Amino acid sequence: MFARFRHFARTLPQAALLAALPVAAIAAGEVDFVQSVEPAGLDPTVSSPVAAGQVTWQNLFEGLVAIDRDGRIVPQLATDWTISEDRLTYTFNLRPDVTFHNGTPFDSGTAKFSIERIVADDSTNGQKALYTDIAAVEAPDPQTLVLTLSRPSSDLLYWLGFPAAVMVEEGSADTNGTDPVGTGPFKLDEWRKGDRVIMSAWDGYWGDPAPLDTITARFIADPQAQAAALQSGQVDIASELGAPELFAQFAEDPKFATNVGTGEMEVVAGMNNARAPFDNVRVRRALMMAIDRDALIQAVKSGYGTPIGSHFSPASPYYTDLTGEYPYDPEAARALLAEAGYPNGFEFTFKVPNRTYAQRSAEILQAFFQQIGVTANIVSSDFPAAWIQEVFTDTDYDMTIIGHAEPLDIGIYARDPYYFNYDSDAFDAAMQDVATATDEAARKAAYIRAQEILADDLPALFLYSDPKLGVWDAGLEGVWPDGPVPANDMTEVRWSE
Amino acid sequence: MLAVESLRVTFRRDRAPPVEVLRGVSLTLERGATLGIVGESGSGKSVLALSVIGLLPRNARAEGRVLLDGTDLLTLSERGMRDVRGRRIGMIFQEPMTALNPAMRVGVQIAEGLRVRRGLSRGNARTEALRLLDRVQIPQAGRRIDSYPHEMSGGERQRVGIAIALALEPDLLIADEPTTALDVTVQAGILDILGDLVADLGLSLILISHDLGVIARLADRTLVMHRGAEIEQDATERVLRRPGHDYTRTLIDAMPRRARATLEAGRA
Amino acid sequence: MRRVPATLWIGAALSLLFVGAALLSRVWTPADPTGMNIAARLKGPGEAGLLGADQIGRDVLSIVMAGAWTSLGIALTATAIGGAVGTATGMAAAAGRGGFERAVMAANGVLFAFPPILSAILLGALLGPGAGTAILAIGLFMVPVFARIARGAALQVWSRDFIKAARMAGKGPVRISIEHVLPNISAQIIVQFAIQTGLAILAEAGLSFLGMGVAPPNPSWGRMLSEAQTYLSSAPHLVLAPGLAIAGAVLGLNLLGDGLRDLTDPRRGQAA
Amino acid sequence: MRKLRYLGRRLAGLLGILGIASLAIFLLIEAAPGDPAQIMLGTGAQPDTVAALRAELGLDRPLPLRYLAWLGGVFTGDLGMSYTYGTPVAELIGQRLVVTLPLTAMATLLAVAVALPLGVMAAQNPNRIVDSLATAFSQIGIAVPNFWIGLLLILGVSLGLGWFPTGGFPGWRAGALPALSALVLPAIALAIPQAAVLTRVTRAAVIEVSNEDFIRTARAKGLSRRRALWRHTVPNALLPVVTMLGLQIPFLISGAVLVENVFTLPGIGTLAYQALSQRDLIVVQNVVLFFAVIVLGVNLLVDALYILLDPRLRGSG
């Protein structure tokens, strides 16, 4: 009875709406994907790279190389490349007959401009630090680009596949934030700020045209609203559903395809290693052992997520499982705390960004710490503004909690200054070995050593890796299941016949 | 023409026993005659007037009979009563400052009854309103017709009040303390107009006042009321000259000496 | 003796219920309002506690009770501060007149120009979210309200004869304000206090909803609602309890205020 | 004439208040911790990159200069460029206004449409069921937070019945109907507390005016109760209602911030909130100033309406 009423109730206003709408409002080649954060500008080479890249990377902008859905480096605007014996010179052969959306041809001159712009003194590229080993850029002929490094950087090729290193051209570089001009298969139609970015297929694309005619990024911060938009068909893809607790209902629904993918986001509780008692490694270990990471994931992420023991997530090719290093053991934690000189525990201020996952995790950590006699006083911090100022810039904090979304970003622990105030010669050496590794095995070994040092030193409490909970219309193919790069690559997405 | 028979009015009150404000009053009024009702404030004069025109507050209950040409007004429906108000009985109120709608031009207020009850066109109603303003001796009526009440003096407003009451040419006019709120100099003018109307149009008039001087000027008969009851009722001359009751006498004594003198003079 | 209006009874009873719950929560709640229980998460009313459990398995009834303490505490403190400052400036404006009065009224105009939530968000940005910020922001927006009412009421008192007498007796404006004006306007201020406390609860809930309220684990009705939005379809009970608590507390205080006004001002009592 | 001078004086006072408000806004936002350049660049950026961006945004100029530049821009109609979006602030506000303005207008219309008849009916039938219902509605409506109403509407109407979207805004280009239907529930949530306040004021005002002498005069003309009500009582009772509408503007805006948040509408409230958390200072300054202008402007408008509604204030001649 109720069901019938609901059906009637549902169809009534819809019929009225449909009658009023122009026909063919829904084209076959159209996809709307949801994204929780709206980028400040659409240019991934300036300002907030993650959100901008999630909209435009691969769709609008392309790089010399790209990272594919499996995390591999693949050629893009460079067809192939050679690396010199001393690993200091990279020579790229560039793809001919590539033009930007505004008709400007892509050649080694534009590539040189793009790279030099990243490393310039007045560069406003947020990821500049990754590319500063590039000492010189040369363009000996239109199809050849030569990069000379000041020291070996084994990850450089990987970084060049990143949103922060996409190719732009000089004439439009300054306005890419609002009016992006790239070489990708889609071009910008309209950006309705606060709501959506609409992109449509560009007929001048150098490669195979994308199957879709139109793609739209919809910015919906609230997880409930994301789920509702999916259910009502207003959006087709949520590659990272914000509400894990709603995921199960989509998994049961045949209208949707779901996938629990691995993501690159590691949630860690960073500590101020320069401040007592967090300068004491035994205290840090005791706190780590006070936490039942599985229970935490259950509570915060409805069980979707993987405990981590160090800074890499299982999505990383160099991941090694170190969760066994300091497992949940409140008894041992209490003992270790006493050994460190805090038999009665201590009290500290827990500066938590006012974001749901952080607040929720902090509340649970607070309860765990209480079990070993440590009192955490939670202070909300307005994110990002106040948090970045207080924690990141001023490092005026005891403990905080935040997700690190950039892949292969373990190097942040070697940075000085960085908000952990962590200083370890052994770790710095391991990172040096990563940079100078001449083969993949040596590189992997160095990365694993770096992870092991962190897992033992615990400059931060390593909590969990965020899953990439993908939900999309069951009629869609080609959606990225995992997230080796935070992106919504729509270039291979199609509606199945 | 009008006969009120043992009219009782009681007010219901919240959380208190009902109170009786009229305790059986009777009166009769001939066509073209003027009845004065006198009494101190709270004596039930106004309630009596409101019962006749059927505008008692909601919590009031009237018993008895109010016969207008043989029809008991108390038994009339609201719709029936609406035909009586304005057309058969017009009423003039005490406070010219508050008795007019402050947000409406006076001409419109006069014309409103004509338009609603008579169905006159806007233009015809305006012409008629202009005539009425002339009738109540508003100078420069053509200009003043578009004034708002606050732009007029008290006397002028009271004249507008009379014009409103006259608009539908009623047979009976009830004037409830029409001059009390006015300056002495203005009072006379208003009373003159009322007197002229009775004389020229053959109206019946019920004139309510606490001021015997006012009553004495116009009323053929006078009803003296006290605490909701009739004290005496007779020809005005008789009541004033040979008050049949102590209360009437105190009313006469309370009059200013000069007014009493005029009264004496008038009597003489 | 006038009869006590029914609204006053209902208002007083509702207000007492919430004050009682707030006080009780300091010594007893059915369960630990901060104690999580993963096994019970999102369980409905009856399955886990009287009002169910939240997303980390805390007992909803216990958090709502403890939330009363937070909510009432912030609202009362903010209104008390705003009320005291506002009343004092309003009385001073009435006593001082002239330029001072104009300055006070202009300052009120500036405060009035900022929509309350917006000024609270601005303050939140400046001071960081937390109870102190909420109290300050809400209190600040109470100031012009009380100032206006106190000034209006005080001006009426100042025009009365006994003030003239006091002035002729050589009393200064400060002394007159305290001895004569304050007692005569206190009834109006108290009535306004009850109503403004209700508004303060609404404002606090709004701030917490936007993540600008007290820090966890201090329970807060507004934050409960903001968290409940995520579970709207899977656990609707989470959205009902805190909302009803807010509405009930505000309703109680409003009725209390209206009832008090009817009691102290017979003219209004009849009109209402 | 007198009235014109009065309105002129009001306008001057208003500009003074806006001047003080603008300085307060500017200083408050400047004093808040958080560097827009650092926020835009994220946690990966090095200090020299941040410094470069600060220079590019003009954030390295001295404080008084930036304030004066902003104020000068406001007077010439140039509100500056958003740090984060990189678009003119005026354009940004305009884009958001096409959501917030219809939203608040719909809410106000809805509130008036409910409150006026309800308040009048309640006043006409004291102590009857209508009156009790109206009183209950106004008491409860004032007490419930509008964002909670929003949540309940999403729960019951959107998720339950499947009517109207749960949030988001398709844009006016998608057609008037989809756009309006996205605003229906938020407008209802916003309208209910407003309607409650207005019902209360209307009821009290109508009761008060009903007891005026001129209503008796009108009835004595033989006017029906209904005509006396709509021609005489209601026009005179509108004054306090209009006043209350003006006084409610700050609350309406506050409510819009919350309701836009619940329904994820890209309105000006969301813009203010978002820009502040991004420390897009120039946007925050302008939006807050804009709201102040609206609040004060509406109150000036209410004053003007007063003069229109009450001829006594119009002055003769």
Side-chain angles (χ1 to χ4, degrees), chain B residues 14 46 49-50 52-59 78-79 81-105 108-118 146-152 157 160-161 164-168 170 173-174 176 181, chain D residues 1-3 120-128 130-132 135 203 205-243 304-317:
Chain B
D14 279 353
S46 295
L50 290 175
V52 171
I53 201 167
L55 288 177
L56 283 171
R58 233 175 250 265
N59 57 342
E78 168 59 27
R79 186 175 289 274
M81 205 53 220
R82 222 187 291 158
D83 290 330
V84 172
R85 285 186 214 120
R87 258 195 231 189
R88 304 291 318 278
I89 309 175
M91 186 151 176
I92 302 160
F93 294 96
Q94 175 174 355
E95 284 290 341
M97 312 307 282
T98 56
L100 298 179
N101 185 341
M104 207 186 250
R105 296 174 198 277
V108 180
Q109 296 195 46
I110 298 169
E112 190 180 23
L114 294 163
R115 282 173 52 75
V116 174
R117 305 300 308 170
R118 285 260 174 83
D146 289 324
S147 298
Y148 283 100
H150 74 274
E151 293 163 345
M152 300 184 124
R157 281 187 233 185
V160 172
I164 291 174
L166 284 179
L168 293 172
L173 208 56
I174 303 176
D176 184 3
Chain D
M1 202 54 225
R2 194 150 40 90
K3 283 296 122 186
V120 170
M121 276 196 317
Q124 289 298 106
N125 302 285
N127 302 322
R128 298 276 190 78
V130 196
D131 190 23
S132 310
T135 308
R203 178 180 171 276
V206 169
I207 287 179
E208 200 161 314
V209 176
S210 299
N211 293 326
E212 295 274 359
D213 289 350
F214 64 82
I215 301 303
R216 225 168 36 190
T217 309
R219 300 270 286 132
K221 281 182 221 177
L223 298 189
S224 65
R225 220 183 272 283
R226 180 191 292 261
R227 183 168 168 107
L229 177 68
W230 292 108
R231 282 289 289 162
H232 294 270
T233 312
V234 172
N236 281 287
L238 277 181
L239 274 176
V241 177
V242 167
T243 310
L305 252 180
Y306 245 76
I307 293 171
L308 210 71
L309 282 175
D310 189 345
R312 279 169 293 188
L313 296 173
R314 225 173 284 168
S316 42

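As a basis for the values below, the full set of heavy atoms in this structure was taken, side chains included, without hydrogen atoms, waters or symmetry mates. Below, read A as the first sequence line, B as the second, and so on, with proteins coming before strands; counting in each chain starts at 1. Keep in mind it's a predicted model, so treat the numbers as computed, not measured.
When every heavy atom of D:A220 is checked against every heavy atom of B:I53, the shortest pair comes out as CB-CD1, 3.9 Å. Across every non-hydrogen atom of B:P102 and D:N236, the tightest pair is CG-OD1, 3.4 Å.
For a residue to count as touching a neighbouring chain, one of its non-hydrogen atoms must lie under 4.5 Å from one of that chain's; by this rule B:R82 touches chain D with backbone and side chain alike. Both the backbone and the side chain of D:R231 have a heavy atom closer than 4.5 Å to some heavy atom of chain B. For chain D, the nearby part of B:R58 is the side chain; its heavy atoms alone come within less than 4.5 Å. Residue contact with chain D, scored on non-hydrogen atoms closer than 4.5 Å, involves the backbone and the side chain of B:Q109 alike.
The distance from the CG atom of B:L50 to the CZ atom of D:R219 is 11.5 Å, given to the nearest 0.5 Å. Interatomic distance, D:S224 OG to B:M81 CE, rounded to the nearest 0.5 Å: 14.5 Å. The structure places CD1 of B:I110 at 8.5 Å from NZ of D:K221, a figure rounded to the nearest 0.5 Å. A distance of 6.0 Å separates CZ in D:R216 from CE in B:M91, rounded to the nearest 0.5 Å.
B:T98 contributes no side-chain N or O that, together with a main-chain N or O of D:D213, makes up a donor-acceptor pair within less than 3.5 Å.
In terms of heavy-atom pairs under 4.5 angstrom with chain D, the leader among B:I174, B:L168, B:V116 is B:V116.
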